[in-house]
Amino acid sequence: MPRDFLDTNDFSVAELSSMLELIRHLKDADAVGCVPELLARRSLAMIFEEPSTRTRVSFEVAMAKLGGHGLYLKPGEIHLGVRESVGDTARVLSSMCDAIEARVLRHETVVELARHSSVPVINGLSDYNHPTQALCDVFTMGEHLPPGKTLADCMVVFVGDRTNVCSSLLHITTKLGMHFVHAGPSEYLSPPEWLETAQANIAAAGHGSVAVTEEVEEAVTHADFVYTDLWWWVDQEDEIPERRAAFMPRYQVNETLFSKAPHALFMHCLPASRGVEVTDEVLDSERSIAFDQAQNRLFTEMALLTWFVVPRLPTEPTSDLRVHHEALVRDFLAHAADLPPHLVH
Ligand code: CP
């Protein structure tokens, strides 16, 4: 099994299914206030080169619930490729922390972190993919399956731009033998290399399908889940006029388009630009599970941290060993001549 969680395509169907099962166990444990403190006294370095609400909060709260601690290393706060190489940062962080989560501008940065880290590295979004989001999304679909269907029977129609979320969804759904369609303007559709990987996934699974199309109205009629994402990200603001012209109005998920998918549920990784890629009527409708998805990020991060970190932890020290080391420190304090008086008993 790979040590790092950089791309869901690095994992077998059995491994991904096992992660999904672990999310279920931890969500159930949390519902009754019984999350085991498997990461007590452990630390997670949380690198963010970009802002985040869900990823930042879910990882930090996940560590707290598991008994550990998350350090939020915000944009510009640490030397990451500036004044220090990415590799050196990985070596230092992994000598003090038990795992690293990183949201990076360029996918190569998270790969480089993993190459030099001695502890697991979890990709919290790059310009290529968003694997923690995709695992969460498939878990959420599993909680909202259409009657009589399994995950492998489901059709996911992603409407919009070939974002990092689109990439991850295309890869994880085909890996699990599901059906995936990307509907959007031709110049924003998934590139051939993603489709080749998806075809290989489907061949290995022996089930599923993948397609791209501009015919969004036709595509959504077959959907069990209609998914969309932002039409532009922070580094694409110069392209807003041309992107808006390409997507609007045909690829906006509004009541007119969503009415063509009468049995589908609506999904969005959030943040959403209300009135742009999705309207309030759809995002806030009874058929929207976007906010369930957002909450499931917490249970997904709890499962990923447990899956990757716990098996690699050293055996817990015996109570005799703890007593021995505490006695050494107390003895030192008692005999240290130059300690302030209040520390010497
Ligand atoms: N979906 C997602 O990753 O949200 P944030 O950008 O708020 O982390």
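Whatever order the structure lists ligands and atoms in, that order sets their numbers, starting from 1. All residue numbers refer to positions in the sequence shown, counting from 1.
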Problem - Set of ring pair (Phe, Tyr, Trp, His ring centres under 6.0 Å) partners for Phe266, sequence neighbours left out - result: none

Handout entry: Shortest protein contact, atom 7 (O) of ligand 1 (heavy atom only)
Key = Thr53 N, 2.7 Å

Handout entry: Shortest protein contact, atom 6 (O) of ligand 1 (heavy atom only)
Key = Arg103 NH1, 2.9 Å

Practice task
Determine whether any heavy atom of His130 lies closer than 4.0 Å to an atom of ligand 1.
Solution key: yes

Completion exercise
In this structure, atom 1 (N) of ligand 1 is nearest to the protein heavy atom Leu270 O, 2.8 Å

Problem - Donor-acceptor pair between Gln293 and Thr140 side chains, under 3.5 angstrom - result: no

Exercise for the section: Hey, can you tell me if Tyr128 and His107 have their rings parallel, tilted or perpendicular (30° and 60° cut-offs)? Expected result: perpendicular

Exercise for the section: Among all protein heavy atoms, pick the one closest to atom 4 (O) of ligand 1 and tell me residue, atom and distance. Expected result: Arg54 NE, 2.9 Å

Practice task
Assess Leu125 for proximity to ligand 1: is some non-hydrogen atom of it under 4.0 Å away?
Solution key: no

Handout entry: Arg3 side chain vs Ala114 backbone, donor-acceptor pair below 3.5 Å
Key = yes

Exercise for the section: Step by step, work out the ring pair (Phe, Tyr, Trp, His ring centres under 6.0 Å) result for Tyr188 and Tyr251. Expected result: CA-CA 11 Å; Tyr188 296 94; Tyr251 299 98; 9.3 Å; no

Exercise for the section: Check if Glu50 has a non-hydrogen atom at a distance under 4.0 Å from any atom of ligand 1. Expected result: no

Practice task
Say whether Arg297, considering both its backbone and side-chain N or O atoms, lies within less than 3.5 Å of an N or O atom on ligand 1.
Solution key: yes

Exercise for the section: For Glu187, look at atom CD and say whether over 12 heavy atoms of other residues, nucleotides or ligands are found less than 6.0 Å away. Expected result: yes

